[in-house]
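Everything below concerns the one structure shown next.
Throughout, protein chains are lettered first and strands after them, A, B, ... in sequence-line order, and every chain is numbered starting at 1. Everything numeric here is computed off the predicted structure, so don't read it as measured data.
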Number of protein chains: 2
Amino acid sequence: MPYSTEHKQRTRESILSTAIRLFSNKGYDSVTIDQLMTAAGLTRGAFYTHFDSKSELYAEAVLAAAMQSPIASGACPGEKGTDWIRRTASLYLSREHLEQEDFPCPLAFLVTDVANREPAVRNTYTRVYAEFVRVLQSHLPMEASTTAKGSELSWAMAALMIGGVAVCRALNDEATIDRVLVACRQVVEGLAEDVA
Amino acid sequence: MPYSTEHKQRTRESILSTAIRLFSNKGYDSVTIDQLMTAAGLTRGAFYTHFDSKSELYAEAVLAAAMQSPIASGACPGEKGTDWIRRTASLYLSREHLEQEDFPCPLAFLVTDVANREPAVRNTYTRVYAEFVRVLQSHLPMEASTTAKGSELSWAMAALMIGGVAVCRALNDEATIDRVLVACRQVVEGLAEDVA
DNA sequence: GTCTATAGAAAGATAGAC
DNA sequence: GTCTATCTTTCTATAGAC
């Protein structure tokens with residue numbers, strides 16, 4: 001691979017990382033190409049060598065964000081079963097995640113934002129969400145990891161975790177945020193254990 | 001009250017209703033003053049007689065949306081206890097709500113959007129959310145409507161309902177949407193009953 | 001591949017006529 | 001109070017130099 005191609009690849013990934021960070025924290029419309037490129041250490045003009053348009057970048061960013069987020073893509077490889085669920089819930093529904101600037105879960109940080117975007121982006125979101133649910137279910141205890149009941153539970157658990165984080169980001173009161181986080185963690189754990 | 005004042009009041013409310021509809025379905029940035037006023041049957045220039053700025057309008061719209069949404073502000077006055085919860089969950093987590101253009105629940109339709117806005121808007125969101133939780137808890141069976149455990153459950157139930165609706169709006173697959181709606185409804189009902 | 005410069009469109013907000 | 005006209009800013013995207 002010639003130097004220039006390799007270099008282009010690196011630049012592209014740098015733009016993408018910056019995009020994930022900015023889009024996740026400010027939403028699609030509030031991020032300008034200028035801000036993005038400046039934050040990536042470049043200027044406006046260089047953008048279009050790497051991406052066709054802002055919306056194309058967004059679509060890629062949502063997917064890349066999902067794959068890079070340690071929280072969404074099956075963290076805690078050490079743990080198993082209910083322990084994994086408990087640990088994931090406590091990572092996902094945490095202040096650290098809320099304040100996570102670099103790799104937050106796009107499912108939570110961009111829910112409403114994605115809803116207002118074109119079908120291609122929503123297709124990506126749909127796939128990422130389904131994968132999140134699949135991973136959750138695979139860690140449910142015993143047979144629940146394959147039954148219809150366990151599946152149903154997983155679809156709701158994912159919505160609860162995403163909802164909890166999304167709501168907390170909209171709230172403006174520390175005490176309320178902590179209450180929501182704790183409550184959601186407790187309920188997720190309870191659900192995972194009761195299904196056994 | 002002189003005619004002009006009364007008329008101004010009506011116009012103002014008309015703009016506000018239009019704002020609720022447009023903001024809820026497209027988000028803050030995607031709605032322009034021009035679109036808004038045209039949809040309200042007026043022109044750009046008339047806007048600033050009623051509101052100081054777009055962001056001020058947004059803050060008012062979020063509050064008004066919460067009060068006008070029959071779903072969020074304690075619908076089903078006929079039902080009581082667990083029946084009320086079950087009925088509210090089935091209204092909230094429904095396709096009708098997802099496709100509701102005029103009075104959707106801003107807690108779900110604007111979560112991420114509000115998160116990216118100024119503190120005043122997030123304060124409003126916080127109050128509306130807390131009220132939603134309060135109403136939910138008041139319909140929990142027996143003592144749960146006053147205990148700490150019932151309170152915790154309510155904070156999570158609200159996040160689950162909001163998360164379910166918000167996620168479904170981002171999804172782009174009918175079957176997946178139905179699965180999420182059903183799953184969330186089931187879990188909400190289960191939670192409300194198990195606490196008894 | 002990245003830069004500066006700029007075209008071209010659209011937005012928020014204001015001014016002044018009616 | 002509402003209109004049309006406009007100021008000013010900001011944004012996406014492109015052109016051309018290096």
Students often mix this up, so state it plainly: with edges at 30° and 60°, are the rings of Tyr58(B) and Tyr28(B) parallel, tilted or perpendicular?
perpendicular

To the nearest 0.5 Å, how far apart are [atom1] in [X] and [atom2] in [Y]?
X	Y	atom1	atom2	answer
Glu143(B)	Lys149(B)	CD	NZ	14.0 Å
Ile20(B)	Leu57(B)	CD1	CG	9.0 Å
Arg179(A)	Ser154(B)	CZ	OG	11.5 Å

Does the side chain of Thr11(B) get closer than 4.0 angstrom to OP1 or OP2 of dG1(D) through an N or O atom?
no

Lys8(B) side chain near Thr5(B) side chain, heavy-atom distance below 4.5 Å
no

If we only count heavy atoms from C-beta on, is the Leu136(A) to Trp84(A) side-chain gap below 4.5 Å?
yes

The correct set of residues in residues 48-63 of chain B placing a heavy atom under 4.0 Å from DNA chain C is Tyr48(B), Ser53(B), Lys54(B)

Contacts to DNA chain C from residues 17-35 of chain A, heavy-atom cutoff under 4.0 Å, which residues?
none

Value in whole Å for how far the C1' atom of dT2(D) lies from CZ of Arg10(B)
15 Å

Round to the nearest Å and state the distance from Arg12(B) atom CZ to dT2(D) atom P.
12 Å

Electrostatic pair Asp113(B):Lys26(B) at N-O distance under 4.0 angstrom:
no

Restricting to nitrogen or oxygen on both sides, can you table the protein-nucleotides 3-5 of chain D pairs closer than 3.5 Å?
from: dC3(D); atom 1: OP2; to: Thr43(B); atom 2: N; distance (Å): 2.8
from: dC3(D); atom 1: OP2; to: Thr43(B); atom 2: OG1; distance (Å): 2.8
from: dC3(D); atom 1: O5'; to: Thr43(B); atom 2: OG1; distance (Å): 3.1

What is the minimum heavy-atom distance between [X] and [Y], and which atoms define it?
X	Y	answer
Ala183(A)	Glu152(B)	CB-O, 3.2 Å
His97(B)	Leu91(B)	CB-O, 3.6 Å
Leu93(A)	Met161(A)	CD2-O, 3.7 Å

